[in-house]
Every structure is written in structure tokens, then in C-alpha cells.
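In what follows, every chain begins at residue 1, and chains take the letters A, B, ... in the order their sequences are listed.
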Amino acid sequence: MPFLDPAEAVERFLEPDSGLGVGGMQLSAAPMALVREVVRRRIPVARLITSPSASIQADLLIAAGLVREIVSPYVGFEYLGLAPGFRREVEGGRLRVLEIDEGSLTHALWAGSGGVPFVPVPPGLDLTDIPAVDPEMFRRVTDPFTGQERWAVRSLRPDTVFIACAVADEAANVAFDRFPYTDRIMALAARRLVVQVEEVVPAGALADRAPGSTLPSFLIDAVVVAPGGCHPTGFPGRYEADDEALGSYLRAARDPETFGRHLAEIVGEDAGGER
Amino acid sequence: MPFLDPAEAVERFLEPDSGLGVGGMQLSAAPMALVREVVRRRIPVARLITSPSASIQADLLIAAGLVREIVSPYVGFEYLGLAPGFRREVEGGRLRVLEIDEGSLTHALWAGSGGVPFVPVPPGLDLTDIPAVDPEMFRRVTDPFTGQERWAVRSLRPDTVFIACAVADEAANVAFDRFPYTDRIMALAARRLVVQVEEVVPAGALADRAPGSTLPSFLIDAVVVAPGGCHPTGFPGRYEADDEALGSYLRAARDPETFGRHLAEIVGEDAGGER
Amino acid sequence: MSEWSVTELMAAVMSRELRDGEVVVMGAVPALPMAACRLARATHAPNLEFIVGGSGTVSPEPDRLPLGSCGGDLAPAATTLPLPDVVLLEGRGDAFDVFCAGGLQIDAHGNCNLICVGEWERPKLRGPGTVGLPFLPNTKRSILYTQSHTPRTFVERVDFVSGPGHPTGADEDRPYRKEGPSLVVTPLATLDFDDSGRMRLRSVHPGVAPQDVYAATGFELAPGPEPTTTPPPTDEELAVLRSFDPDGILRR
Amino acid sequence: MSEWSVTELMAAVMSRELRDGEVVVMGAVPALPMAACRLARATHAPNLEFIVGGSGTVSPEPDRLPLGSCGGDLAPAATTLPLPDVVLLEGRGDAFDVFCAGGLQIDAHGNCNLICVGEWERPKLRGPGTVGLPFLPNTKRSILYTQSHTPRTFVERVDFVSGPGHPTGADEDRPYRKEGPSLVVTPLATLDFDDSGRMRLRSVHPGVAPQDVYAATGFELAPGPEPTTTPPPTDEELAVLRSFDPDGILRR
């Protein structure tokens, strides 16, 4: 029975103080129905791993004080501005950042999905200050073919991954619609995978989808049906980001006090709406 | 003008004595219109790189005496038997084999497409005799995170890659139909890429295809329109492998003399049919 | 009881070895393992899933068994994985449960060889190559099968290890191993492995004597319990197998 | 000549810098570089292609400029690359020609910083993170742009290098570098780099004096040829820009 409520899915598949990967890029496809459930239950996350560009799915967990360290190339709100929770916690010295770039993160997830322990990074990163400040993720390795030293990134396998997909069929296979972002490779690297979907289609309805735009049910621990569940981010082809709601969040999250009230509203959002 | 005849494409984009990657898995989607052109012109190949399971697209070039060394996890004819040219040339000591497995080959192409110089291989290969006989592709590397030694595979970037796709649009973007095999990642690793297609569709007709099932024109040096051009292998969803024609090849290729006559027939096959 | 072919019996034996909920991977010439998986799904393992070789199709159920592993006759399937993803998951090590494989040679410890007979540098017989066999230890266990039970196929030690079996004493420093090969299925018998990882006879197929198996095996099988007779396919099993094998691929 | 906004001028300037047949990549908040690419395609570079951030869409031409880089308003496009493939090709180094990027800080040698102002361990301002900027040297060249030309943005040396610029003397052992940043476009001016890789003033926008630029720049610009006045967008350029910007995103 892989179809579960958000509450059941989060309770069964997210261990307190474990590693959590969250999908969604910029202001699209954030698995908010699941993230809000984590906040509701106040489950502490030892390490939050994001896509190359996270927004509210990371900032909300951080602002709620649930995240001990983060591996992320970007937490922000794109055209709406910086991430208030992330800023406040990092500037206050309360959140450890494992600095990483888009390429190294993507390759680290690729490696985690394939039993590959590390990947030597391509040129470019070596010219930045990033690897030097992150010995957890980056170490020097000697290329055995050339003898040259270069940086390598450690592989990542999140204990649990939450992503949002467009549809599940009745057999709990899921499909992406337009943009798989890095959510699909993060899903392949997951030890436990929970997928939030917009709708359910009959068994067999995904047979014509291209390989690479689906994930088979045997890789998935739970499917959560949550139409509109990426709100206030958008789901490409279905609904756009709700800039007004995001703006309310940004204003509220600047201040811990207003944030407390806002949080209560936010986590109440799915109370009756989903499933 | 990326739409070219097979002859023009091969002449312009395959240098004599360079590295050639050929797509197609088992008895499907071998880019035979292009491969036959190489045989017709007797262009020597310094290194042939195949998909994880090649058949006649590799054996024909080998039997014709055009290949100096090969990087391939499999050359055979699946349910039709072993590869006669490959067997004869390897058993005769005339073809150097860079022994590799499916996983390492796929990862080596992934690495080549990403500027990643090598990849530590996942568990399993270390328990075989393969890496020890292939110091060109495999070396020992020290994992900088654990200090453990393990095998690494060198990245691969073929000088030229030939693959077969289903369709090209008029702007020379191409799309796979059902199975991308490893052809898509081999294409990303190519320095020069020639794609053989079954048909051409109007510009914009690929816009609904899933990301990962297409390749944009800017990665492609030439598109060759060759309906049926994978014969005698099949093209999934369009035509099946021609077991009779493959059987004729297998019988003829056992003997250099009968092979010479057969070769003349084979390379004549496209003479009038394609563009 | 109906007439059956030895390949149908092999399919039934392999099917019975599979458990509900498992995920099975297979390579080239998939008709036999695919028949076993479909039979298992139709009987005791409805939630078993299987991935067919280079196609990456997940549990396809075409009208007839395919000869090849990469052709269009494997579509449609409920989902399909791109081959590079199958490769990743094979390396990940906890995605797949059972690997169905074979070899030009299979040895006393279940090592497989698809590379060469004789010296690698100048082989007497060059095989096709190893494809995915190095990933054998990354599934929980593997089922080996071959249509050729002869002393040339079953050797004390393969000439080249291209698919790892059970570790032997000399290999105890090998860094990684799960359960290893659990069963070997041939036209004569089923075999398994003792605690030291050496192959032994488990059952002989109807009409085959243990001596026939010993004579066809190029090494001394480990002692074990008295071999039984392999239960032949039941009428139900045959009916299922033939429902998707109208061409009689399993009866050739 | 029509009225134009400074962002429209910036789009025209960036467009003129692009060449036919080039492939351009861009990141978050893509309206400006996307407008530049579409303008270039409509005028002098019909075969230019561009990839929009995390969406991976190739040269999408929606009815209106998007605010975001990952939304559904970027579809349809003739083709779309999965983001992991964009990342691979950025690493490959010969797939893309131009990277359009910016930063919280940009320094005298074109280094960019999206990580932090102040010490990394305890920053005065924590930025969002570097995303793809480490790949800047892997395209043939880059075009830097910012809406903020102030001494806080334009600093002698960034507090943290998250996107590499031109090497300085001390960095000469850096192992890899292509052309580096070729142009910097701001609301006040266009700037480029001298042979030592130090930024200098190329042109001031209409109504801006060179002294305004010097005062807004937190380091001494290298000497160079007499700065010209940036040619404003032509009527044709404005007509093209407004054809896909009915919402006036570039005029805000």
C-alpha cells in the first residue's frame, strides 16, 4: 500500500535527525505538502540536501529551527529576493552550511545513486573558494591516469527524499511532466523515497511516457496524492507560483515573532484540502 | 546545413585513424547506413567504442579489418550467436581489446560528457579479472574520504559518434522513440556527432517530447536521413531485426573469402535507397 | 500431467525460486528468465518486478516471449528505465534483489566467464564480453542458468572471472559480497552451494540420474543431501507459460 | 528615437555582444539575458541558441518574458535538456559559448560572489549560494550584468570567489582558463577588461558621466581608451524587445 496520507508518509519514512533531500527548483515543484507535515510534527533534520536551487521548501524548515546543517548550492526566492530564514540562521551562526555548487551537487547525487563513492569535479570549481571551506564534501584526489591533483566531491545518499511529480498511476509508478530538474537523480539516490503527486491516472497510463520521465514503483516507498500541494510554489503546466503568498511568507519570516503566527497559518494550509 | 548524405557526413566528420563511437544495443538501432559508408570508404578506425552490447555495427568494421582496438563490453549477436569477425580477429591476435564492463563503460561516457577525468567504479568489478588486464582503462585510486584503494575507470570522449534516432525536426533537433539505451549519453560525450534518423518532422514537432528523449541541434554536427537505415538490425517500434539477413552475414563472415563477396553486397545495400 | 520441454521445466524451477516483491534483472536472450518472472507473477509473486536487459523495460508482458532483450517487442511496459539508470541502480546495490545470468564457463564457486576460453591474451575461444556480470554481487543473490551442462561449461575454475561467484578461501580478503549465487539451473539438474560456497547437486530433472550430472560436470561437486527429483512443471504452470509463449520458444 | 528604459538598453548592449551560432547559458531571473538572446536571434544572430537555467529549455520563445527560470511559462521549447545534462555539458567545456551571470559582488578582475559579504564563517550578509557560477571559466567567455552599480557591489576583491574571473598575477598557477569575462553591463555603463584582466570603462550610457561611474565603483578602473557613449537601443531593437515583453518587465 504505497498510497499514503502526508502524515503517514512522513511518520513512516522520515526518521528524526536523519538526512532529508527535498526536490523542486526555484519557485517550482517544491514538495510542500510533505514539508509542511515535517514542520507540523517538528521533526528535526540532521542534514537538509536540496536541489541546485531551493526556495521555501528549505527556508521554511530552516526558519522553523528544524535544520542542523544544509548541503545546498542556493536557497533564495529568485525574482522575489533572498531567503529570510536561511539568511538569519546562517548570519546568526546557527546553521552549518556545507558549501557546494550546482555541478558538484548533481554529480554527488549521481554518484550516490550508483554506488560510486566520490567524483572528481570538472574544471572551474578549483578556481573558487568553495572547496577549501567545505572539507566535508570536498577533498583532494590524485588522478591515477595523469598523476595530477584535483578536487573530488563525496557522494550523497539522502536517508529520505521528498519530490513532487505530476502523476502516479494506480500501480504507484510516477511521471514527471515537463521538467525533471535534478529531482529524478535525487530520487535515484534516495534510501527512502516519498513522492507527492498532483493526480492519479489508471494503471498502464504511463506506458507511453519516455524512459527518463518516469520512476517505477519499486523505487518508491510512498506516494502522497496532494493536488495543488506544491503551493505556494508552482507546478509547471498546472499552476504558477503564488507570488502573493510567497511575499507574505518573506515579510513574516524576517522577524521570529511574526513568523510564529505565519507558521501556524502555513502548516494549517493542507488541513482538509489534500486527498 | 546539418542535413547531409551518409557519404558527406562520414567524409566530413570521421577522421581516418581516430576514435569512433557507435550506438545501438544488441540487434536494435545500429547506425548501419553510416557504418556501411565507413566500410565503403575503408576508413581505418584507431579505436572503436561501442554501446554495452554491440552486434553487426562493430563486427562488420572489425571483419573488414578496419579496427585497431576496441573498447566494448560485448560484441555478439544475442540469440543468433557469437560475433564471427570479432572472434576471428581477437583469436588471431590482430585486434586489441580494452576489456570493460557495462557499468564502467556507461560511467566513462558519462564522465566524458561532463569534463570528469575518471570515475571510481562501484563494487563488483573489483572481484573480476577485468581491471587487471586493462591498465589503459582502469587504474587504482585512493578514495580521499576513506583512504581506501579502489579501481577507477578513465573517461571516454569519442572523436566521432554515430547513433540512430527515430526522428529529426526540420531544425535538426532529434528525438529517441522508445529506448535511448546508452546512445544518448554517448552522444553527449562526442566531440563530433552524426545522427542517422528514420524520418523528418516539421520544426516544433518535438516540443512535447520529454527532456531526456531529445538532443538539441547545437550538439549535432550532421543529421543523415536514412529510413530503414538500421537494417539488418531493427528499430524499436518501426521494424524488427532481419534475422535472415543477419544469418547470412554470420555464415559469410566465418570465412574471409565468402566474407569478401558478402561485403560487396552489404555495402551496396544503401546505394539508391537513402536520400 | 502434460508433456513439457526441459526449458519449460527450467522456467518453472527458476520461477519457484523467486519471491513476492523482489526485483529481478536479466541480460541478453531473456526468454527463459522472463518466462520465470512472468510465471512467478501469475502464481505466487504478484508484486515481483523484472527489468529486461538493455531495453530497461519494467515487467513488460507482451503477447509472446521475445528472442532479444532490446527490441520493440518489449514495449509497452508500465514504465521503462533508461539503461544508464539501470546501470546506476546495479551499482547502488540495494535496488535489485536477483540477477539472472550465465556464462561460457561456470565454475565450482559460481564464478562466471563470458570473456574467453584459454589465455586472455590469445584465447582459444573469444566470448562476447562481460556486459553487466561484474554487478552480480550487487544484487542480494543471483540465479545462474545455462542450456549447456557439459564439462567444458562447468569447470573447476573459470579461465577468466567476469562475473564473481562465492569467495574461495584464497579470496577471503575480497571486500564486498552479499549472498552470491543461490541456484544453478541446467537442462539436467538444479544445483546450489554449500557453506563454503562450493557447488553441489540439489535435484536431478525427471529421467536424469545423478551419475549423468557428475559426468557432465567438469569438477567434483561438493557432497550434500541426497539429490531429489526436480518436480516437473504443474499443469497450471504450463498453462501460464504457454499463455505468453504461443511460438513455443521454450519448447524448441 | 523612442523612449527606452535602462534595462532595455542593457538588453540591447548584451544582444550586440552575442554572435551568430553561439550557445548561451543563463541562471536565475532570466528576463534580461533571455531578452538579449531573443533580440540577437531576431536581428544579427538567427542561429544563436540559449538555455534557460534549471528548466533546461532550449531557446524558448514564450509570448511574454518570464520572471522565473524554472516555471511552466518557459514551455514549450523546441527541445529541453534535463538539468543534469546541462550540468554535464557545462563541465565538458566545449558545449557552450557564453555564460550570462552576476553576483552580490563583482571585483576588479571579474570574479563574482554569490555566497557572502564579510567572513564566510559568520557573514554580514549571507547570499543565496553559488549555483552554477564555478562553471564560468568553462564557457568561451562570460557576460556579467547587474542592476546594482554601487561601491558595495563593485569591489577590489570579492569576499569569496564563487564565480572565477580573470586570473591575477598571484593566480598564475591556476590550471584552467578560457577567455574569461568579456563584458560587464550595468545601469550606468559597459565595462571590459584590459590585457592584465583588470576591469576598465568602455562606454557610459546616455546621460551618465564617466565620473558617475568612477564614484559608483569601489575600486580604481584600469586606464583605457576614452569611454564612448553607449548607443541607445534602436527603434528596431525596441520593437523586437517589446514584441515579447507586453508586461514591460524590462521597463520596471
*asked:* Which residue in the set C/Leu89, C/Ile51, C/Leu81 passes side chain to side chain contact (heavy atoms under 4.5 Å, CB included) when paired with A/Pro216?
replied: C/Leu81

*Given that the side chain runs from C-beta out, which part of A/Leu219 has a heavy atom under 4.5 Å from chain C: side chain, backbone, both or neither?*
side chain

Looking only at N and O atoms, which donor-acceptor pairs between chain C and chain A are within less than 3.5 angstrom?
{"from": "C/Asp85", "atom 1": "OD2", "to": "A/Arg184", "atom 2": "NH1", "distance (Å)": "2.5"}
{"from": "C/Asp85", "atom 1": "OD2", "to": "A/Arg184", "atom 2": "NH2", "distance (Å)": "2.9"}
{"from": "C/Arg92", "atom 1": "NH1", "to": "A/Leu188", "atom 2": "O", "distance (Å)": "2.6"}
{"from": "C/Arg92", "atom 1": "NH1", "to": "A/Ala190", "atom 2": "O", "distance (Å)": "3.4"}
{"from": "C/Asp94", "atom 1": "OD2", "to": "A/Arg157", "atom 2": "NH1", "distance (Å)": "3.1"}
{"from": "C/Asp94", "atom 1": "OD2", "to": "A/Arg157", "atom 2": "NH2", "distance (Å)": "3.3"}

*asked:* Can you confirm whether C/Glu121 is buried at CD, in the sense that more than 12 heavy atoms of other residues, nucleotides or ligands lie under 6.0 Å from that atom?
replied: yes

_As an exercise: rank C/Pro76, C/Ala75, C/Ala78 by heavy-atom pairs under 4.5 Å with chain A and give me the winner._
C/Ala78

